[in-house]
Peer 1: 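Just passing along the structure, written as structure tokens.
All values reported here derive from a predicted model rather than from experimental measurement.
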Amino acid sequence: MISCYKNPNKLWCLEEEGYRPEKTKHYEGLLTQGSQGLHLRASYEEGLAAAPQDESYMRLPANVTVEKPRHPRSKAGCYIPGVTGIHPLLNEVVVNLPNPLTIRLWAEGEPVDMDSPQMGDYARHLDMRDGVLYRSFSWKTDKGLVSWGISRYVSRAVPGLIVQRLEVSADYEANIRLEAAVDTKVTTNGYNHFTDREEFRVAGCFGAAVDTDNGDHVEMVSVLSPNAGEPETWEGVLTPGKTMEVWRLTLAASSRDEKAPCREEMCQKLNSLIVNPSALYAPHAAAWDALWEKGRVEIQGDEEAQRAVNMALYHLLRSANPRDSRVAVCAKGYAGEAYFGHFFWDTEMYLLPYFLYTNPETARALVGFRLNTLEGARKNAAHYGYPGARYPWESSLTGEEQCPNWQYCDHEVHVTADVAFGIWHTYTATRDLEFLKKAMPVLAETARYWLARCHFDADGSVHINGVMGPDEYICFCDDNAYTNTLVKKALGYTLESCRLTGSELLSQQEQEKIRACMEGLTVFRDSRGILQQCRDFDRYEEPDFETLWPDRSRPFGGTVSQERNYRTKALKQADVLMLPYLFPDSMGQEELEKTYAYYYPYTTHDSSLSYIIHAILKARMGHGDEALTLFRKSLGIDLDGGAAEGIHIANCGGIWQGVVLGFCGMGCSYQQEKLTFAPHLPAHWRKVSFPVVWQGQEHFVEITHEGVVIDGEKQK
């Protein structure tokens, strides 16, 4: 565990720039660690005296984009995807579990606290190559100087294992005490989801167990070596010039595991591992090496972009779990409490492409979550009075709607078409017919929902009224272009899937109605031929941004009232422009230029999903400088201070798309049979290289200004 401690590699390390109290929560989110089934925010082991973790308050449903978050100085976070609780207002939420990192530190009887003026020489790094977090600082006492080094990681080789190492030295004979704990005094968004807490000691180990109000049970067991007779403490007098090393290992398990957690067995395992804790690093690092081998992107000529891309890919690799299709990746990448651990259309549109083309096993797990939650989608449709299946705007474990805000859960129905699109994308990328057969019930049931949700006019035209498209600043609109187009595509994919699989889940009568629906669905254009975001978009009011939005550091949606927002041509993010992004052949260059020029001035980019879509389109249009400017804005969303409430994980997936689908111009499998590229690299990018999996075949791609090389062979 020395890769980044003494000599950090700038391209692979996220460095905290000194101790700045106002940035504590940001770095806790940005430096989040994890491995598939366990994720930890980067809070300090000893905590902060000014930031109690059991703060109690009632968080209300709100628009998270414009909501002013509650900002305690620090928020520890430990999440096991799928361990949930029931909030009285926010519905089913991922639970912030007991803090398994807690190690309180004393020097000469004084508690160590980062806020104290006694602290100095502070440095912290996360090495993204292996997910190890390093921190060092000095502590001044009346007698001299004590130096601390603390490192930790969540093992990728041993499920549920956390490894911590402390090094302490002093320039005098210092009295030092450490006290480790599993801290159960935590709340989730100010709410206590624990119905039972238990702290225990067993066979030289210590730990805690909790039950959640949704029926989950969690056990955390720790061992400290060396200790002072009590399993959770170490104390002693340091010899000047010598370094004392203390290891702590913790195992976390839950009732979601295949085998119910048994603390005695966990303790037995820890006692065997603590004999040689340094040996745990090599298999952990090897597992990360294997992930990076499949999922890396290398950019020559732009170190700033390389580091930011590494950050995005690190969090994608950290947060996804190929072994568990009972969950997806939540909107904050299990790095914070915002969005309550819910799953959005992010899964299909922003996350899935990265995994489809680098690690199809993980992609299948993400799509498998939608297959597993079909029954919940059926319940959603029935709740609204429709047959078939309606996927939720915000999903949790069951697939039933969890969004507490009626505007979104009632009207953002495009997610149901997005799910079908994701299934078809997965099939075309893998050519796995068995997968498509398993997915047929989802395609059939979502088609039945659309046949009931669409309005069929006597003249044969078909409309989808009363919706909200990807742009959440225009609500209650009719015939949203994105929604109509994705529904039409989804229905077409469903018919083709019936043919390919020989499925009889849809009757001939239903298939005929699907064809009529596809033929009748339309999108509208204005007098200049520009595709309209919705049927009456030209009647919406022009936004007076100069008057209404003088402070551009705040979201537009947080500056004006919602009623004004909903009647104004102010867009939160790409909406119509999502269509040429997904389907490049849908617009020629001239039409794309005209459409982009029309919508861009209306776009506020208040959504983290916005900049990257515009960057990809600008790259495809050949406007390299503008594309790079937008791309850099996307790169900075988390790096430049935006990670306090968690990682914008959809934007991380978008960043990979920005490089591979944008600047490198890769076409997607639902558009074409062969792997092809039409690159538009920024002038100073000398070379971009990355692995790609295409319909089961692994390839390695190298792109320069001179051309494209796939597996060593230059493409014509």
Peer 1: Donor-acceptor pair, distance only, cut-off 3.5 Å: does the side chain of His342 make one with the backbone of Ala331?
Peer 2: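 Judged by distance alone, no pair lies under 3.5 Å.
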Peer 1: Which is it for Asn651 and Ser608 under the side-chain hydrogen bond (donor to acceptor under 3.5 Å, both in side chains) test, yes or no, and what are the steps along the way?
Peer 2: CA-CA 6 Å; Asn651 181 58; Ser608 63; 6.0 Å; no
Peer 1: What is the minimum heavy-atom distance between Trp148 and Ile176, and which atoms define it?
Peer 2: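 For Trp148 and Ile176, the tightest heavy-atom pair comes out as CH2-CG2, 3.7 Å.
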Peer 1: List the residues meeting salt bridge (charged side-chain N to carboxylate O under 4.0 Å, His left out) with Glu264, not counting sequence neighbours, and say none if there are none.
Peer 2: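 With neighbours one apart ignored, the set is empty.
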Peer 1: Of Arg177, Lys140, Lys143, which meets salt bridge (charged side-chain N to carboxylate O under 4.0 Å, His left out) against Glu108?
Peer 2: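 Output: one option passes, namely Lys143.
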Peer 1: Give a yes or no on whether the backbone of Arg197 and the side-chain of Thr184 come within a donor-acceptor separation of less than 3.5 Å.
Peer 2: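 No; zero donor-acceptor contacts below 3.5 Å.
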Peer 1: Identify, with sequence neighbours excluded, every residue that meets side chain to side chain donor-acceptor pair (under 3.5 Å) alongside Asn310.
Peer 2: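 Here the qualifying residues are Gln306.
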Peer 1: If only side-chain N and O atoms count, and only distance matters, is there a donor-acceptor pair under 3.5 Å linking Glu28 with Ser43?
Peer 2: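 The answer is no; no qualifying pair exists.
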Peer 1: With sequence neighbours left out, write down each residue that passes side chain to side chain donor-acceptor pair (under 3.5 Å) with Asn227, or none if nothing qualifies.
Peer 2: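 Asn227 satisfies side chain to side chain donor-acceptor pair (under 3.5 Å) with no residue once adjacent residues are dropped.
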Peer 1: Just jot down the ring pair (Phe, Tyr, Trp, His ring centres under 6.0 Å) partners of Tyr391, sequence neighbours excluded, or say none.
Peer 2: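 Here no residue qualifies.
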Peer 1: With no hydrogens and no angle check, is any side-chain donor or acceptor of Asp211 less than 3.5 Å from a backbone partner on Thr195?
Peer 2: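 A pair under 3.5 Å: no.
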Peer 1: With sequence neighbours left out, what residues match Glu198 under salt bridge (charged side-chain N to carboxylate O under 4.0 Å, His left out)?
Peer 2: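 Arg263.
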Peer 1: Looking just at side-chain N and O atoms, do Asp115 and Tyr19 make a donor-acceptor pair shorter than 3.5 Å?
Peer 2: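 The criterion, which ignores hydrogens and geometry beyond distance, is satisfied for Tyr19 and Asp115.
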Peer 1: Can you tell me if Thr187 and Glu55 form a side-chain donor-acceptor pair at under 3.5 Å?
Peer 2: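 There is no such pair (donor and acceptor under 3.5 Å, judged by atom type) between the side chains of Thr187 and Glu55.
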Peer 1: Quick one: ring pair (Phe, Tyr, Trp, His ring centres under 6.0 Å) partners of Tyr44, sequence neighbours excluded?
Peer 2: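 Tyr44: no ring pair (Phe, Tyr, Trp, His ring centres under 6.0 Å) contacts found.
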Peer 1: Determine, stepwise, if the pair Tyr153 / Gln164 fulfils side-chain hydrogen bond (donor to acceptor under 3.5 Å, both in side chains).
Peer 2: CA-CA 7 Å; Tyr153 62 91; Gln164 294 170 277; over 6 Å; no
Peer 1: Under the side chain to side chain contact (heavy atoms under 4.5 Å, CB included) rule, what do Cys652 and Ile647 come out as? Steps first, then yes or no, please.
Peer 2: CA-CA 8 Å; Cys652 292; Ile647 293 297; 3.7 Å; yes
Peer 1: Does CD belonging to Glu179 count more than 12 external heavy atoms closer than 6.0 Å?
Peer 2: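 More than 12 within 6.0 Å, yes.
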